[in-house]
Structures are given as structure tokens and as C-alpha cells.
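Accompanying notes for the structure given below.
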Amino acid sequence: MYPAGGGSASAPPPPAESTGVGAKAKQDEESGGKPVMVVLVGPPGSGKSTFAEAVLAGSAAGRPWVRVCQDTIGNNKAGTKIQCLKAAADALKEGESVFIDRCNMDREQRTDFVKLGSTLHADVHAISLELPAKVCISRAVSRTGHEGNLQGGKAALVVNRMLQKKETPLLTEGFTRIMFCNDDSDIKKAVDLYSSLGSSDSLPSGVFGQKSKGPVQVGIMKFLKKADSSSVEKSSDPKLTLSERKPEHQDAVSKEENVEAGDCSIEVKEELNEKAENRKQAKGSGSYDIGSHTLAFPSISTADFQFDLDRASDIIVESAADFLRKYNNLRLVLVDLSKKSRILSLVKDKAAKKRIDSSRFFTFVGDITQLLSKGGLQCNVIANAANWRLKPGGGGVNAAIFNAGGEALQHATKKCADTLRPGSSVVVSVPSTSPLHQQEGVTHVIHVLGPNMNPMRPDYLKNDYTKGCKILREAYNSLFENFASTVQSYMRKQNNDSVADKAAASVITPSDSKMKREGSHESERMKKHKSFQPILTSKKQHEGPGSNALNRSGTSLGSSDAPNQATEAGNKNSGAVAGKSWGSWAQALYELAMHPDKYKNSDSILEISDEFVVLKDLYPKAKKHVLVISRMNGLDSLADVKKEHLPLLRKMHSAGVKWAQKFLEEDASLVFRLGYHSVPSMRQLHLHIISQDFNSASLKNKKHWNSFTTSFFRDSVDVIVEIEQHGSTTTSSDDKVLAMELRCHRCRSAHPNIPKLKSHIANCKSPFPSYLLQKNRLLSSSTEHMDCT
DNA sequence: GTTCTAGAAC
DNA sequence: GTTCTAGAAC
């Protein structure tokens, strides 16, 4: 028996009698209790010492704990790893459980401890403190007063570098249990759990908790202070350990993403308890139902269709990486039956190299039709490597899935489609009568057909890998997009059941965000019936007399070409579509788009056509920042864009490219990005063309920054592709993205506030993340002409 | 979208 | 005391 892992320790085991600690522990060992070695993982300031102290102070269940801290082990000198290993060995031999309190940021740093623990028959756990960089930095910086060898900004630099170098602890390193703590509640639960661990208890194996992706958790500071204020002072020694100062850490190169590398492959285990744990995790103690956001898929075309594994693994990793960037809260799991699966290990390695977030994309060994019952992994959506007839049989995954799905799945599939062409996929809703639904909670199967390199099968490509790779990419794109839209409609359904459901916020679809806005602004709309704010009034003030400032000349709109003129007065505050609420201040672009002639003499207007207006942004967030504003009435934002708007989108894109190129002629050092805000503040679809210097006094706050440097900013090229393939866009961003910590758009380093961020970006010469270097997302003087037409 | 400002953080 | 953020008002 053991306390509930990952959750609260509701039923602490009975306290043991207080005999001599060593003797008692030996006795425990005889009765089945094992000492535990907990390797704490986290940068300076992440709260490792506080964590260990809190357990030491709070442990009432009889398990003897020792904290081995490299900061303090050296008696005022820098401690060494050897000293820590020795102290840990001594404690374990005595039957005491140990916290390894040093940063342990990469695998190499942890290996010796894992080995030691296993040799001495201890359970070896890792607890990864996944605090936002900002919190760690502010704590580390504030400590420098005590120590002095790391001053303010330098401490921030070290924390950043360590975070960039960080490798997520993996079960494959030899840990039996890994816990990720993202916020105060996670930490409190973990502290409670370990505090209540009796001397003969053990904790279930596996991975618990998720890697943090969200914004800074302010509450963490409060908890840490509260947990043990004296120990914070006492134990949060400012000194960095030797290992942290090692030059290789200092040399860490900024990478595309500051996420951990590695795989999170979870072994399929039979223990009921572990399954319960995983299920709990899957059911989502967090903010959303992970199961419904997880797609389990087999490798397409690599089995029967004999597609080259190396090429296939490249495509899987690239497609998954693209997908994860696009959708914030969705999770992908590549599944194969065999532990020795070559495709799994290839994908695992490549994903690690690409530093893909292993909590959102990982490999899993198990039967895709029994993930929940046998593996404890809940995936509501699974993919099938189907055949072109969409028929059962043929062996492999296809046979297994149709088998598990029963006749109900066959019927449901037949209703959706008769055949499938290579590179495409089809979503089938699994009837509730299907065993797959009932036993495994699978709500959707997405049948995918990949390219075939097997001469014995239809559509044989004769080793033409140019074609083959293209088709395989299409297949995965189609699969992933279908998965995203499946989740969206699921969330929409949930939403209808419960509008307040927080889950809705996790994946905001166009209609979700609309609903949200409508709901929350309903009353606001009623009170906002003030007169229309003149367009760009402040511009007029700034420009002074005689300027061509844009402003609204009186109340009469004059023009008769505006289709909605009759209703415009009524729509001023609500927008033209579906009663969406726009504040009066948010209508300036709409006004301009409807009546550009009124403003045609303004310096701010660069171009007017029948379909768009190009305007210098009045509050540019960079040296060059212009907007291409659609003139189509009713097209308020990305959420309204449909396939029929593609020609317009392409024209707007071309106009944006044209202006970017003009600016590049004037200043070849600029780099431009073209894109839309997921959920814009201003009514009327507008494309931003913005130089990536972000050198502007108008860029003032976190929202400004994050709206141009996170997934909130949707590259025009991606929007166009998405509409082409999917018919509408998915805006996966929400307020959380805008509230995220401030990270450099080039090197991804974190910064505590806007002024510090600004001084960093003024000098940062790191290359742009590789994501931006692909597909002409960035436009520079060396970019060849790009066009989406 | 910006401006203003209280109060938190430094 | 000064800097900075975040929320409300517009």
C-alpha cells in the first residue's frame, strides 16, 4: 500500500515507532521497505532546497530523510559531486532516504547518482521542478547579495543557459519514478506525498505530472515562502555548485526552443496502481482533459508498405514538431507494439535532437487498441494505418483496430467513406456500442493511408521517394489536422454542455473564442453605446496642425457604397457578424476599411485597392510595421476566414511582401514577418508586416511582445495553407499565451521585464529559431521572392 | 488598440 | 524612492 502518487496523500501510513534510525531502517528493509533516492532537478532558484527541507521538516511517517546538498557539503567551499555521492552512499547504507540537492540538469550529471542508488537497492526517483525561468531568475538574482560571485544579470544568464542545456529526466536513465512539478499545488502535493511516505511504503513507478508550458505562476513564490521561510533563507544558498559553473554550461548555445530534449517513453506495465495513476493523469487533474487532447498513432507506411524508416522518422518528427507549434494543448503519441521497434527509437532520438517537448510528443510501447486498459494511457483519438478500401483485415494495426472496434466501427467507417487515397485521412466517430469506445475510451478513429513501397500492394511507388515523402507528409498533415478539428468539435460540444467549462479555454477554436467573447461582453455591449471614437485621433494630435491626420469628419458617413450603411449605426459597437462585441476604440480599422477615401490623403495610408488598404501602424511595434487591412465587410478576424477568402488572403500576402521588399530596399538589415493575430483587438481582418528588430517605444508591455513572438502570431503562409487544407483556421492561442514569460524571439532566453528584454534584443545576434527560417516565414534582403498565388 | 494609475517589486 | 506591471476605462 502506498499513498496516492501524484495526487494528495490522503491516507498517510501509520507512523513507525521511534527506534534508532539506522536500525529501524534496516528493519524496514527486511520487511520490504526500500530507501528512496530522490534526485532533484532544477536550476538555481527553482526551490530544490526548499522542497527537501519541507519534506525533512514535515515528515511524520517514520521514514528517515537526509538532504545531500552540494552547496553546503563543502563547509564554505564549493562542494563536489564526489562528496555528494559519498554522503548519499553513506545514508543509503544506513537505510536512510536521500534528497540529492544539486541542479542535476543533464543526464550526465545524474547518471552516477542513479547508478549508486540502484547498486544500493534504493528506489531512484527524479523530481523535476519546472518553474518558469522568470521565477528562478528573480530568486537567483536576489540571492547574489549574499554571495557576490554572480551579479544580477549574470545570474540570469546562468539560469537561462542552464535551462537551455537542461535535459528532462527520463525513465530510461534508470529512474523508477519521475514527477514534474509546475506550480505551488504540484509542489505541495509532492511535498505531502514524500512527507507521508512511511518507511515501508513505496511509490508507484512511472511519469507523473506534466512539463509546464503556461505562464508564470505567481503563487509559487507564496508557497515557497510559506512552506518554510527559515529554510528558504538558510538553505537557498546563493552559491552555484561546481557543476553549474562548468564551462560547458556557460557555453551552452541558444537553441530554437528552450524545451527539454528526450523521450518520455513509458513502459507498459501491468500494475493496477500505476494504471490508476496514469488514468488520473490522463483524466486531467490539470486544466483540461488530456485524453481527449491526445492522438495515438502508428507509424504510417513503415510496416507492410515498406517505407524507408529513416526517411519516415524524419517526416514524423518534422510533422509532429510543426503540429505542436501550431496547437498548444494537443499531444501526440507514436505507438508501436515492440520494445525493439526501430522506428520508435529513430523517432525518439530525432525528437530529442530537435528538442521537442517530450510531454507533448513521445513514443509508447504497447497495443494501440489497449492503451488505456493495458498501458494506462488515455488517448481518445487513435489513428489507423488503413488500406485504401477501408476494410478490416490484412494484419497489423488495421486488423487490430477493426477487430477491437467490432462491427460498430466497420459500419461507422462505411458511412464516412468507401475508399481512401494515399496521403489522406478520414475521421470516424466510434459508436458508443463499440468495445473500443466502451473499454478504451476511444471516441474517434482516424484512418490514414500512406505511400506504398511494397510491390505486392496497390499504388506501388517503385521506390520513388520524392513522391513517397511528399505523400507521407500529406498523410501526417492530414491526420494531425483532422485530429485538431476532432478535438475542436469535441470541445465545442463540451462547451455547449457547459459554457463555463474551463476546458474550452485550452483549445480555443474560432467559434470558441467567439462564444467566449460574446458571453463575457454581453453586459458590456449594453453599456457601450457611446459615440464612435474617431479613427486615429491621437495621430492627429501628434501630427499637429496642417497634417493629413485621419479622423472622422462629422457624423455623416456620406458614402453609399458601404453595403451595411443602413445598419452600421447599430453595428458600431457590436460588429457586423454574429453580434460580436467590439469596443468603440476597436473599430478604427473597420471604419478605415469601409471608407478609405476619407483618409486617402493621410501620410499613414500607403495604398488603397478595392480589396485592401495598406496603413502604417499608428503605434508601430518595430522600426517598420504596417497593416494590410481587408476591405471585406463582415470579415472581422481570422476566425471568420473561410476557403472563399483564399484569393483575398493571397492578395493581402502579396501586398505585404511587396511593401516588405520596398522597406528592404531602404534598409537591407531588416527582417520581416507577415502574420495575423489569433484574436485581434481591432475589428477588421488585418495582416501585420513587422520588422523583427522590435525597436519601438510603442512596444511597451508583455501583451505587445507576446502577440508578435508567440503562437498568438499566425504566419500568413501558415494561415493560407491551413485554409487551403482545412477550410478554416484554428486559433490555439488564448490569454495564457499573451501572459507568458518574456522570451527573446531569437535565442529564446527569458527576461524578467520589458526594459531588460529590450536591452537584450537590441544586442542579440542569435540566429532566428529554425521554425521561422522555414517556409519563408521570414523575409529578408536575401529571401527570394515569395508568393502564395 | 492606448492611457492612466494603484500598488507590487525592486 | 523609483521602476514596472496589470487592470480598468476609454
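Chain letters run A, B, ... following the sequence lines, proteins first, then strands; residues in each count from 1. For the numbers below, each heavy atom of this structure counts, side chains included, while hydrogens, waters and symmetry mates do not. Note that the structure is predicted; figures quoted are calculated from it, not measured.
For the side-chain contact (heavy atoms from CB on, under 4.5 Å) test, residues two or more places apart in sequence or in another chain that qualify with A:Lys758 are A:Leu699, A:Ile754. With sequence neighbours left out, the side chain to side chain donor-acceptor pair (under 3.5 Å) criterion links A:Glu611 to A:Lys651.
Side-chain N/O atoms of A:Asp715 and A:Tyr676 include no donor and acceptor closer than 3.5 Å.
Under the 30°/60° scheme for interplanar angles, the aromatic rings of A:Trp705 and A:His745 are found to stand perpendicular.
No contact: A:His686 has no heavy atom under 4.0 Å from any strand. Counting any heavy atom pair closer than 4.0 Å across all strands shown, A:Lys703 reaches no nucleic acid atom.
Cation-pi geometry between A:Arg683 and A:Tyr590 is met: the NZ or CZ atom falls under 6.0 Å from the ring centre, inside 45° of the normal.
The CG-P distance, from A:Asn701 to C:dA8, rounds to 15 Å in whole Å.
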Atom pairs under 3.5 Å: protein N/O with N/O of nucleotides 1-4 of chain C:
none

